[in-house]
Asker: 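First, the structure itself, so that you have it in front of you.
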Amino acid sequence: MNLTTKNGSNQGIILAQPDKIWWKETIIYQIYPRSFQDSNGDGIGDLRGITDRLDYLRGLGIDTLWLSPIFASPNTDNGYDVSNYREIMSDFGTMEDFDQLLRSAHALGMRILLDLVVNHTSEEHLWFMEARTSRDNHYYDYYLWWPEEQGPPPYRKSHFDENADAWYYNPPTRSYYLHYFARQQPDLNWDNPEVRREVYEIMHFWLDKGIDGFRMDSIPYISKDRSFPEIDLQKYPDVFPYYSLGPHLHDYLQEMRREVLSHYDCMSVGEGSKVSPSEGRRFIDPARQELDMLYHFGAADIRNETAPDDPATGIPYSLISLKKMYAAWDEAVGDGWPTIYLSNHDQPRMVSRFGCDAPPWRELSAKMLTMFLLTMRGTPYWYAGDELGMANIRFSRIEDYDDIDTRNRYKKIKEHSGDTECFLREQQEVGRDNARTPYQWDDTPYAGFSTAKPWLQVNPNHVTINAAAELADPDSVLHFFKRVVALRKQHTELVYGTFRLLAPDNPQVFAYLREGVDARYLAVFNFSLQPATLNPGTALPRTEPLLHNYPSPAAFGKNRTLELRPYEGILYLLDRK
Ligand code: GLC
Ligand code: CA
């Protein structure tokens with residue numbers, strides 16, 4: 001393993017032992033550039049805006065940024081539809097702005113990861129504009145087609161298409177192309193070696209500029225099963241896990257490692273929706289030389305798909321399943337390394353989904369979730385704004401939404417005379433735009449994000465929930481976040497120690513031990529709005545806990561049972577050698 005860093009950007013990062021490495025110790029802070037900071041008054045966040053805020057982020061203790069796509073794009077899916085991988089999206093600025101951002105970040109000891117979107121391109125990418133003209137075009141084979149003479153294409157479901165159909169007919173070629181996402185996002189044909197070579201060249205281009213790694217969008221989908229007709233999709237009530245298991249996926253990832261990643265000190269994380277723990281291990285087992293980490297969707301799936309263990313706890317999903325899921329991943333990764341996140345640009349706000357965003361619980365539950373995310377084993381992926389306790393905006397009208405996913409699904413429901421009201425209510429909780437509203441810097445009309453009307457509404461609660469107010473309040477969610485980040489840096493045993501789940505069947509409390517060579521920690525979190533009890537089964541120290549989110553930590557009950565208040569979180573240092 002190469003332990004040197006480049007660009008002189010290793011200040012404050014410990015790379016002492018072979019199994020220790022910066023991307024295990026860091027917190028990856030995700031920025032949705034459109035929504036972070038506008039620098040030129042057009043209502044759209046941009047690269048200069050990010051550069052202007054680097055000192056603030058560094059001040060919070062952040063040292064790695066993942067930027068959602070910044071490449072040229074017609075923005076059908078806000079940059080997840082790339083029309084030129086070597087150019088910057090004009091809304092976001094220029095290549096000089098990017099070079100400046102990278103230089104400034106490195107000068108502050110910060111790293112930058114870019115979002116590599118190569119399962120598909122935009123329909124406006126030159127390759128596709130050529131490909132769609134004729135079957136004889138050189139680029140035709142860069143994409144996946146179903147010739148019309150073979151009859152109707154086999155059923156494939158699209159994530160975003162208003163008809164949920166993943167095939168779209170293209171008259172000049174008399175064939176249908178495949179798009180797992182919107183029809184403006186045609187899927188690339190990774191079986192074509194030229195496509196893979198092009199992707200690797202794009203990766204070299206950015207890594208040679210000095211970026212520190214990639215988050216890889218939809219990467220499990222790249223290898224398609226070409227035996228289309230034989231696959232009976234009825235066997236897959238949810239087709240997306242099937243999409244993730246293409247026959248050459250791991251060959252391609254190994255090739256990518258050999259051809260590109262192994263030549264740099266960089267990190268790679270694959271987006272791993274619908275990948276199970278045992279399948280996930282194959283992406284990240286160091287012996288297989290593929291990716292460093294896989295960003296699994298375990299928490300989001302459990303939140304969406306499970307029923308409460310006990311409705312009286314007020315937890316709207318199964319906490320027991322959530323705990324078992326994390327324990328299963330922890331075990332499954334083997335010598336690889338786990339990840340954790342609770343929100344991102346595709347999910348609602350963390351506090352609205354796993355906590356409670358109504359007063360007086362918003363701050364308490366946001367702090368509890370902060371402690372949880374930053375004390376689990378695995379690299380935390382932190383979504384910008386969660387450190388303020390930003391909450392869902394809960395739009396009530398379809399016109400307020402920008403997201404192609406929400407808009408297309410609404411259209412479809414409307415066309416089929418479905419219940420659009422019900423859909424809108426559901427989107428208030430899960431819609432992607434909840435997390436995409438502008439960052440709340442201050443209480444001015446556009447929240448300090450912009451001087452012009454922003455591309456997406458600012459949450460009206462920015463008059464009280466904003467960075468300026470929270471910087472001025474020592475008890476704010478923001479200051480709490482800063483404290484936990486600092487504590488995690490100071491206690492590397494919280495990074496490298498083992499994870500052991502306690503009380504797996506307790507329906508309200510998530511509790512675990514983190515055991516390092518030199519220190520042991522106990523973390524307990526009441527995920528519910530009701531008081532809860534826990535017998536940790538281990539002697540508790542007489543000293544104050546390292547961290548707690550209430551002004552004073554929980555009281556003991558009889559027999560040393562912990563009595564936890566709603567959303568109470570405590571971290572104890574049990575012993576230190
Ligand atoms: C990923 C992205 C999402 C995007 C999709 C298609 O899931 O996170 O935002 O819409 O891929 O690129
Ligand atoms: Ca701008």
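Keep in mind the model is a prediction, meaning the values are calculated, not measured. Read the numbers this way: they start at 1 and go in the same order the structure lists the ligands and their atoms.
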Asker: Which atom pair, heavy atoms only, marks the closest approach of Met325 to Gly298?
Answerer: CE-C, 3.4 Å
Asker: When you measure from the centre of the six-membered ring of Phe205, is the NZ or CZ of Arg86 closer than 6.0 Å and no more than 45° off the axis?
Answerer: yes
Asker: Counting non-hydrogen protein atoms only, what is the nearest one to atom 5 (C) of ligand 1? Give residue, atom name and distance.
Answerer: Phe181 CE2, 3.6 Å
Asker: So, 4.0 Å and heavy atoms of Gln347: is ligand 1 close enough to count as a contact?
Answerer: no
Asker: Kindly indicate whether a cation-pi arrangement holds for Arg196 with Trp190, taking the cut-offs as under 6.0 Å to the six-membered ring centre and within 45° of the axis.
Answerer: no
Asker: For Tyr80, which part has a heavy atom under 4.0 Å from ligand 1: side chain, backbone, both, or neither?
Answerer: both
Asker: Classify the side-chain pair Asn78/His345 by whether it contains a donor and acceptor separated by less than 3.5 Å.
Answerer: no
Asker: May I ask you to check if any N/O/S atom from Asn40 comes under 3.0 Å of the Ca ion (ligand 2)?
Answerer: yes
Asker: So if I count the atoms of ligand 1 from 1 in the order they appear, which ones are less than 4.0 Å from some heavy atom of His120?
Answerer: 6 (C), 12 (O)
Asker: Can you give the angle Ile44 O - the Ca ion (ligand 2) - Asp42 OD1, rounded to 10°?
Answerer: 90°
Asker: To the nearest 0.1 Å, how far is atom 4 (C) of ligand 1 from its closest protein heavy atom, and which atom is that?
Answerer: Asp77 OD2, 3.3 Å
Asker: Quick one: list whatever passes ring pair (Phe, Tyr, Trp, His ring centres under 6.0 Å) with Phe36, sequence neighbours left out.
Answerer: Tyr439, Trp441
Asker: From atom 11 (O) of ligand 1, work out which of Thr76, Asp217, Val117 has a heavy atom at the shortest distance.
Answerer: Asp217
Asker: Go through ligand 1 atom by atom and flag the ones less than 4.0 Å from a non-hydrogen atom of Ser218.
Answerer: 1 (C), 11 (O)
Asker: Considering only the protein, which heavy-atom contact is closest to atom 7 (O) of ligand 1, and what is its distance?
Answerer: Glu271 OE2, 2.9 Å
Asker: Looking only at side-chain N and O atoms, does Glu194 offer a donor or acceptor that is under 3.5 Å from a partner on His138?
Answerer: yes
Asker: Relative to the Ca ion (ligand 2), which of the N, O or S atoms in Asp38 is the closest?
Answerer: OD1
Asker: Taking the six-membered ring of Trp455 as reference, does the cationic atom of Arg34 (NZ for Lys, CZ for Arg) lie under 6.0 Å from its centre and within 45° of its axis?
Answerer: yes
Asker: Quick one: are Lys324 and Leu322 in side-chain contact, heavy atoms under 4.5 Å?
Answerer: no
Asker: Tell me which part of His159 gets within contact of ligand 1: side chain, backbone, both or neither, using heavy atoms under 4.0 Å.
Answerer: neither
Asker: Which of the atoms of ligand 1 are close to Phe160, meaning less than 4.0 Å from one of its heavy atoms?
Answerer: 10 (O)
Asker: Do the side-chain N and O atoms of Asn137 and Glu130 include a donor-acceptor pair separated by under 3.5 angstrom?
Answerer: yes
Asker: Would you name the heavy atoms of Arg407 and Ile398 that are closest together and state the gap between them?
Answerer: NH1-O, 4.0 Å
Asker: Of all the atoms in ligand 1, which lie at a distance below 4.0 Å from a heavy atom belonging to His345?
Answerer: 2 (C), 3 (C), 8 (O), 9 (O)
Asker: Looking at Asp46, pick out the N, O or S atom nearest to the Ca ion (ligand 2) and give its name.
Answerer: OD2
Asker: Just need the protein heavy atom nearest to atom 8 (O) of ligand 1, so name the residue and atom and give the distance.
Answerer: Asp346 OD2, 2.5 Å
